[in-house]
Amino acid sequence: MTQAPRIAALDVGRTLAVIGVIAVHLAPWMVESPVWLDTLANLGQYGVQCFFVISAITIFASIEHDAQRLNGTREVLRNFYVKRFARIAPLYYLAIIGYAVVDHLALRAHGHMLSPHSFSDVVLNLVFLHGWVPSASDSVV
């Protein structure tokens with residue numbers, strides 16, 4: 001299996017996006033910084049959008065590369081979704097377990113501070129449908 005060639009300009013864009021996001025989060029801690037540095041740091045708010053655009057470009061480039069390598073649209077889409085799931089799900093499920101442990105420990109110490117979530121909220125997170133239900137959106141992970 002051959003890998004799609006990396007595009008150096010996209011790597012530079014990712015780097016600038018990450019630096020921008022870090023700068024925008026560090027800016028409030030810099031009490032006495034020059035105006036030009038504050039202005040530059042405030043541009044970092046566009047780092048997330050930049051990263052999303054770069055991700056879209058790389059996703060479509062990956063799909064195009066697979067389409068040239070494989071015959072059939074179904075196989076290309078199936079491979080794409082299997083790769084995405086294998087890349088995202090294991091760490092996400094590990095995070096759910098980790099947060100469950102933290103919630104259990106925090107509930108014993110400071111039960112009044114936690115926002116409640118139900119078993120259905122956890123299930124919605126497991127099947128990646130939590131964005132459609134407000135109570136499950138940020139309550140589990």
Side-chain angles (χ1 to χ4, degrees), residues 1-111 113-141:
M1 178 158 104
T2 62
Q3 286 223 297
R6 291 188 67 91
I7 302 170
L10 295 180
D11 289 338
V12 170
R14 277 190 201 101
T15 303
L16 292 174
V18 169
I19 290 171
V21 170
I22 291 171
V24 86
H25 285 290
L26 288 178
W29 297 95
M30 305 300 178
V31 180
E32 294 189 27
S33 56
V35 174
W36 67 268
L37 189 57
D38 286 339
T39 305
L40 194 62
N42 285 333
L43 289 176
Q45 67 183 326
Y46 300 110
V48 173
Q49 291 88 344
C50 179
F51 197 83
F52 284 150
V53 170
I54 291 170
S55 293
I57 292 168
T58 56
I59 285 171
F60 282 111
S62 170
I63 290 173
E64 182 182 15
H65 180 262
D66 285 350
Q68 291 172 355
R69 197 173 48 82
L70 303 169
N71 293 334
T73 305
R74 286 181 90 144
E75 191 174 344
V76 170
L77 290 177
R78 182 177 50 86
N79 282 351
F80 169 75
Y81 284 114
V82 166
K83 285 191 301 188
R84 294 299 291 172
F85 184 82
R87 190 175 207 180
I88 295 170
L91 190 57
Y92 187 70
Y93 292 152
L94 188 62
I96 289 175
I97 292 168
Y99 279 111
V101 169
V102 169
D103 276 357
H104 178 70
L105 295 173
L107 185 62
R108 294 180 66 169
H110 303 286
M113 295 176 64
L114 294 177
S115 59
H117 58 269
S118 65
F119 180 73
S120 63
D121 292 340
V122 176
V123 171
L124 287 167
N125 273 265
L126 289 172
V127 294
F128 296 100
L129 295 176
H130 57 284
W132 297 93
V133 179
S135 67
S137 186
D138 288 327
S139 67
V140 178
V141 173

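These numbers come from a predicted model, not from an experiment. The chain is numbered in sequence order, starting from 1.
A distance of 11.0 Å separates CG in Asp11 from CG in Leu16, rounded to the nearest 0.5 Å. Here the CG atom belonging to Leu94 is positioned 11.0 Å from the OH atom belonging to Tyr99, to the nearest 0.5 angstrom. In this structure, Arg78 CZ and Asp66 CG are separated by 11.0 Å, a value rounded to the nearest 0.5 Å. To the nearest 0.5 Å, atoms CG (Asn125) and OG (Ser120) are separated by 10.0 Å. Note: Phe119 CZ to Leu124 CG = 10.5 Å, rounded to the nearest 0.5 Å. Note that the CG atom of Asp121 and the CG atom of Leu129 stand 12.0 Å from one another [nearest 0.5 Å].
At least one side-chain heavy atom of Phe80 sits under 4.5 Å from a side-chain heavy atom of Ile59.
Across every non-hydrogen atom of Ala41 and Ala23, the tightest pair is CB-O, 3.9 Å. Nearest heavy atom pair, residue Ala17 against residue Gly47, reads CB-O, 3.3 Å. Annotation for Ser33 and Asp38: closest pair OG-OD1, 2.6 Å, computed over non-hydrogen atoms. Contact detail for Gln45 and Gln49: the closest heavy-atom pair is O-OE1, 3.0 Å.
With sequence neighbours left out, the ring pair (Phe, Tyr, Trp, His ring centres under 6.0 Å) criterion links Tyr92 to Phe128, His130.
Using a distance-only test at 3.5 Å, with no hydrogens or angles considered, a donor-acceptor pair links the side chain of Thr58 to the main chain of Ile54.
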